[in-house]
Every structure is written in C-alpha cells, then in structure tokens.
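Remarks on the structure that follows.
Numbers here simply count residues along the sequence, with the first being 1.
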Amino acid sequence: MEWSLHTAEELMTAMRAGAVTSGELTDEAIARIERDDEVTNAICVPDFDRARAAAHRADEARARGEDRPLLGVPVTVKECYDIAGLPTTWGMPPHRDFRPAEDAVQVARLKAAGAVVLGKTNVPLGLQDIQSFNEIYGTTTNPWDHSRTSGGSSGGSAAALASGFGALSLGSDLAGSLRTPAHFCGVYAHKPTLGLAAGRGMVPPSEPAWPVDLDLAVVGPMARSARDLSLLLDVMAGPDPLTHGVAYRLALPPARHERLGDFRVLVLDDHPLIPSGSAVRAGVNRVADALADGGARVERHSPLLPDLTEAATLYMQLLISGSVARFPLESDEQLRARVSGLDADDRSLDAVRLRALLFSHHDWLAANHRREVHRHGWRQLFAEFDAVVCPITPTPAFPHDHAPNPMERRIDVDGVDYPYFDQLVWAGLATMPGLPATAVPAGRSPEGLPVGVQLIGPMFEDRTPLRLAELLERKLGGFQAPEQSVPARSSAASSVA
C-alpha cells in the first residue's frame, strides 16, 4: 500500500493501529522524493539520514506506549527556518554556507510533537517573490504543470505536499506566501492571526534569532486536508517562551459554529484595482454555491466591509517600507529621483510602492494609524458575519517569469496585463490587519490547474475559518493528486482513516 498521499491524521491512525511504522512511512517518502523530485525540485535540503534515525526513535517510543500529536509523521520545513546543522540561506548566495546551531522554535515544537523532518523546501531569493527560485537551489516547478510556478515564498512546501513528499509542512506568510502556493498547487494552508505562533528562528541568516514581534509576517501550517491544518496549528500556536510565554498562555476560542448552515458568510469575487480572472471567479462561486446549498447565509455586499482600495494601499505601504528596510534595493538618491518623477495625482499601486520605498517613520505611523481604523472596521464586520470568502490571487498558477526586475514584470488576467505585484491585493486584505485566513481548494481551471480561495476570519478566532474549511472539504472534496498519479485508496486504507 502507498501511504504518501494520505493525510497526517490518517497516518497517525494507521500507526496507532499497527498498520504501518514511521520507518516505513519515512522510507516511502524518501523513495518518492528520490524518484520524482528531479523536475519539481521542491526539496532543496534533504536530511534523510537524520529522518530515518528520527523515525526509528518514533517507532521505539510508540512501542513503549508513548503517543504524541505527530509521532512518526514525515514532514518538511521551509528553508527559511533554522534547523541545527542544515543550511539556512533564504536563497541568498552570500549565505550559502551558513548553518545555525539551534532549531527555530517551530522546528523544536515539531520535533517535540514527534514529527520526522525529511528536509527543507525551496524559496525565492530573500523570500521576496511570488515564485520560488534562487541561484543556490534553482527553480521549483508546479506539480500540475512544470512550465508554471508553484508560487512563493512557500512554493517548495506546497509542491512537496502536492507531490506526496511528507504529510505536513511549515511555511510562512508576509505577502500570501502560505496561501498563494496552496492555491497554485491545490493544497491547504492557514495564515494564523498575527502573533499567534512564535516566529523565533525564522530569520534571515544575517540576523540573530531573537524573539522579535514581526509586523505583517506570520508562520503557519500547510497540509493536504483542513483537519491537518488544525492538527499542526495546535502544535505551532502559542507565545515564545522567552517573551510573552513567561506570562501568557494560549486559549483560542472554539469555532463559532459546527454546522455549515449556521455560518454567515460574505463573498467577494472582484477587486476595484485588479479584476479576478474567470477561473478564480468560478472557484469563488463554486464555494458560494456550496455554502448556500449547505444552508449558510451568503451575502455578496456589505456596507461594513472596509474600503478595498485603501486596504490595498495601506498594505503596500507597510509591506514595501518594511521590506526595503531589510533588503535595500538602491540608493536613496536614485529612489528620490524616481519618486520626484511621479505625477502628484498618481495613486496607482505602482506609485504607492515606489513612494513607500522612501517612507519615513512619520509616514509609517500614519499608515499604521489607518490600519487600526481598518481593524476596527473588521471587528464591526465580524459582528455580522463569521467569515469572508474571496480570491487569493486573480489567476491560477502562471508561467515562470524570472525577469531580473520584478517591478517590471506583468501578470496576465484573461488576456490583459497588469503590474506583477498588483496581484497581492487579495493576500494583503487579511495580512494588513493581521487576520487569520485559510486557503482551501475550490476546483480547477479549464486548463486543469488548481484554483483555491481564502476564508478570512475574525482576529484570534482561527478555529472559525478552519472549521469552515473542514465543512467545505466535505461538500467540495479536498486535495487531489496531480494528474491522478497516485492509485486510489483501498478499502483497507479507508477503514484505517
């Protein structure tokens, strides 16, 4: 029996029943990577010897009667997380030889839960792209169509999951980096509420691994089922023991509802600054129909929704000003000359991004104040609704585009070109105010590419969009392997699950 495309929950049930060992699962996953990953290139740093040793220890622990949340489950970890003894480069050639001495806090939590780490997954340079390629590790392709991107910056993790390389993966999200690859590869991901999961050790190799509270960026789970997202989030969530964990303990509220018919959902399918392609609109409508068929209250408009144009503008201001502070692009003199050439009335997102490269602290504080206005607006919205369903990007996975200057790239939406980074407006809708958002598969495009949508929930009510994702999985079906490349599960496998 092949186990590689089963969920973590199914693997845990099978191991507890004695149907398979962690050693067998790990060997199968490694064999699959060695056989299939040459073209996909999802696993950039294999750690197979230590994985086999960890699987052996997991089997010994189970034989002694131990049982932990992920005991013996093969998983992968995004390259940007520190794992003691393995490279952490963020795809940056000057740091190709950097090897941290200590695990990131989330890697430590994975290992404490009993997971078996197979290796690390590929990322873009500095995690600064919607695709995953760099000079050190090369390009990760989409398992559904190798001529297209798997997404970024957690593209290696999404491609690994779709290919059966481990049951779970650790990712991160600043600009849709969990949700976009999940959407492109047909898997699940959850962007937690800002600050819910400690991020120490998910840090550029040039910086110390301190317990810093990040703005916008989060760490989060990726999986092949909605229930697996909750399983991994339970391992990941909680404050850093060096800071907030000294005084605070986690107590997430339960999901607002258990039945699909009790949910109140606002559905959005288009944005004022960039249209949604027909395949993505169809995916959103497929979810809306499933909600309505399940008895949920579905609305298409609400005066409580914060202004989408201002939300996108604020997101770009906060994103770009923060990113350029860490990874400078060019001299201030060059930037000032470019900004001075802008028309004073130019409010395009290209102009917003360019001006944000020169943000002062005063400018950032003004944007942050407007963010708080939006957060209050979301609180009012979520008094009337339980979740918002909307696109993740305007299109399915697009062809590889490695033009050196990403600011000059374009994205094709149903035959019309738009600035490449304008496609981030949907990711930013949840990221800017720090809201949780769950990416779920929602069918395929006419070309057969996966299409996903995101379920945005109230701040610190992560279990609400996660529960909604589980209910939708039952209505719509969940993960499907690319090109049905894996044999159908046998009745024996189904009985174990």
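By the 4.0 Å N-to-carboxylate-O rule, Arg353 lies close enough to Asp350 to be salt-bridged with it.
Using a 4.5 Å heavy-atom cutoff, the side chains of Val218 and Met236 are not in contact. The closest side-chain heavy-atom distance from Ser302 to Glu384 is not below 4.5 Å. Looking at Pro69 and Asp234, their side chains never come closer than 4.5 Å, going by heavy atoms from C-beta outward. Between Leu291 and Leu260 the shortest side-chain heavy-atom distance falls below 4.5 Å.
With sequence neighbours left out, Tyr315 forms a ring pair (Phe, Tyr, Trp, His ring centres under 6.0 Å) with no residue at all. Partners of Asp270 by side-chain hydrogen bond (donor to acceptor under 3.5 Å, both in side chains), not counting sequence neighbours: none found. In terms of the salt bridge (Lys or Arg N to Asp or Glu O under 4.0 Å) criterion, Glu447 has no residue partners (sequence neighbours excluded). Applying the side-chain hydrogen bond (donor to acceptor under 3.5 Å, both in side chains) test to Asp27 and every residue at least two apart in sequence or in another chain returns Arg52. For Phe184, the ring pair (Phe, Tyr, Trp, His ring centres under 6.0 Å) test picks out Phe398, with sequence neighbours left out. For the ring pair (Phe, Tyr, Trp, His ring centres under 6.0 Å) test, no residue two or more places apart in sequence or in another chain qualifies with Phe479. Scanning for side-chain hydrogen bond (donor to acceptor under 3.5 Å, both in side chains) contacts around Glu310 gives Arg370, His374, with sequence neighbours left out. With sequence neighbours excluded, the residues that form a side-chain hydrogen bond (donor to acceptor under 3.5 Å, both in side chains) with His190 are Thr438, Asp462. Glu258 pairs by the salt bridge (Lys or Arg N to Asp or Glu O under 4.0 Å) definition with Arg467, not counting sequence neighbours. Residues that satisfy the salt bridge (Lys or Arg N to Asp or Glu O under 4.0 Å) test with Arg300, not counting sequence neighbours, are Asp269. Here His376 pairs with nothing under the ring pair (Phe, Tyr, Trp, His ring centres under 6.0 Å) rule; sequence neighbours left out.
No more than 12 heavy atoms of other residues, nucleotides or ligands sit less than 6.0 Å from atom CD of Glu38.
Between Thr26 and the choices Asp59, Leu118, Thr21, Val73, the side chain to side chain contact (heavy atoms under 4.5 Å, CB included) rule is met once, by Leu118. Applying side-chain hydrogen bond (donor to acceptor under 3.5 Å, both in side chains) to Ser177 and the options Ser153, Ser132, Ser172 leaves one that passes, Ser153.
Counting only N and O atoms by type, the side chains of Gln423 and Thr393 include no donor and acceptor under 3.5 Å apart. With hydrogens and angles left out, the side-chain atoms of Lys78 and Ser157 include no donor and acceptor closer than 3.5 Å. Side chains of His400 and Thr139: no donor on one and acceptor on the other come within 3.5 Å. Side-chain contact of Thr7 with Ser225: a donor-acceptor pair under 3.5 Å is absent, judged by distance alone.
Nearest heavy-atom pair across Ala51 and Val116 is O-CG1, 3.3 Å. Closest of all the heavy-atom pairs between Val413 and Ser276 is CG1-C, 4.1 Å. Annotation for Ser150 and Thr140: closest pair OG-CG2, 3.4 Å, computed over non-hydrogen atoms.
Applying the side chain to side chain donor-acceptor pair (under 3.5 Å) definition to pairs two or more places apart or across chains, those involving residues 450-459 are Arg179-Gln454.
In this structure, Arg227 fails the cation-pi test against Tyr188, since its NZ or CZ atom is not both closer than 6.0 Å to the six-membered ring centre and inside 45 degrees of the ring normal.
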Start with the C-alpha distance between Glu79 and Asn122, add both sets of side-chain angles, then the distance that settles side-chain contact (heavy atoms from CB on, under 4.5 Å), and finish with yes or no. CA-CA 6 Å; Glu79 200 270 358; Asn122 202 20; 5.8 Å; no
